[in-house]
Amino acid sequence: GAWILAVQLFREMVHTCVERDTITYSAAVSACERGEQWRPALQLLGEMADSRVEANTITYDAAVGACWKAGEWDLALQLFRGMAELYLDKNTITYSAAISACRMGGAW
C-alpha cells in the first residue's frame, strides 16, 4: 500500500542532504498508521530515539493509532502511558485512540 512507498521515501532521505527530523518521522509513522502497520511504526519510533530525534504528540498519536487499528490494543495503551515519561502532552486524538484501544481490549 501507500504506507510502503512513504516509508521507502523516508528511508531514501539518508542518501540526500535532507535531514530526517520530527516532522519527517511523524509523517512516516502517520503513513504506517493509515496502513494499520504497527511494527514499522514502532520501528520508526525506536529509530527516532536512537537518532536522538525528539518525538512529539503527533508522532505518538500516530503510533498509538497504528497499534490499536492493527488490533494491538495493549501496545497502544503502553505507548499512551509512556507519553507522561517523555513529558508529551496528550490531546483529543491521543485520548480517542486510547479509548478505542480500551474498547477493543474489552476494558470498555
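Residue numbers start at 1 and run along the sequence shown.
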Open item on the list: For T94 and M83: C-alpha separation, side-chain torsions, deciding distance, then whether side chain to side chain contact (heavy atoms under 4.5 Å, CB included) applies.
Closed with: CA-CA 10 Å; T94 319; M83 290 177 72; 3.4 Å; yes

TODO: For the pair S51 (side chain) and V53 (backbone), establish whether a donor and an acceptor sit closer than 3.5 Å, ignoring hydrogens and angles.
DONE: no

Task: Any donor-acceptor pair under 3.5 Å from Q37 side chain to G35 backbone - done: yes

Open item on the list: Taking the side chain as everything from C-beta on, heavy atoms only, tell me whether P40 gets closer than 4.5 Å to W3.
Closed with: yes

Between [X] and [Y], what is the shortest heavy-atom contact and its length?
X: W73; Y: A101; result: CB-O, 3.2 Å
X: G65; Y: E33; result: CA-OE2, 3.6 Å
X: L77; Y: A98; result: CD2-O, 3.6 Å

With rounding to the nearest 0.5 Å, note down the distance linking [atom1] in [X] to [atom2] in [Y].
X: L79; Y: W38; atom1: CG; atom2: CH2; answer: 10.5 Å
X: Q43; Y: M48; atom1: CD; atom2: CE; answer: 13.5 Å
X: F80; Y: D61; atom1: CZ; atom2: CG; answer: 10.0 Å

N/O donor to acceptor pairs below 3.5 angstrom from side-chain atoms of residues 22-30, sequence neighbours left out:
{"unit_1": "T22", "atom_1": "OG1", "unit_2": "E54", "atom_2": "O", "d": "2.7"}
{"unit_1": "T24", "atom_1": "OG1", "unit_2": "D21", "atom_2": "N", "d": "2.8"}
{"unit_1": "T24", "atom_1": "OG1", "unit_2": "D21", "atom_2": "O", "d": "3.1"}
{"unit_1": "T24", "atom_1": "OG1", "unit_2": "D21", "atom_2": "OD1", "d": "3.3"}
{"unit_1": "S26", "atom_1": "OG", "unit_2": "T22", "atom_2": "O", "d": "2.8"}
{"unit_1": "S26", "atom_1": "OG", "unit_2": "T59", "atom_2": "OG1", "d": "2.5"}
{"unit_1": "S30", "atom_1": "OG", "unit_2": "S26", "atom_2": "O", "d": "2.9"}

Task: I58 atom CD1, over 12 foreign heavy atoms within 6.0 Å - done: no

TODO: Assess whether side chain to side chain contact (heavy atoms under 4.5 Å, CB included) is satisfied between Y60 and L86, documenting all intermediate values.
DONE: CA-CA 11 Å; Y60 268 76; L86 299 171; 3.0 Å; yes

TODO: May I ask whether L42 and L88 are part of the same hydrophobic cluster, defined by side-chain heavy atoms of I, L, V, M, F, W, Y residues being less than 4.5 angstrom apart, directly or through others?
DONE: yes

Please output the side-chain donor-acceptor pairs of residues 5-12 that fall under 3.5 Å, not counting sequence neighbours, one pair per line with the distance.
{"unit_1": "R11", "atom_1": "NH1", "unit_2": "E47", "atom_2": "OE1", "d": "2.8"}
{"unit_1": "R11", "atom_1": "NH1", "unit_2": "E47", "atom_2": "OE2", "d": "3.1"}
{"unit_1": "R11", "atom_1": "NH2", "unit_2": "E47", "atom_2": "OE2", "d": "3.0"}

TODO: Before giving the answer on side chain to side chain contact (heavy atoms under 4.5 Å, CB included), spell out for D74 and C67 the whole-Å C-alpha distance, their side-chain angles and the decisive distance to 0.1 Å.
DONE: CA-CA 8 Å; D74 53 337; C67 289; over 6 Å; no

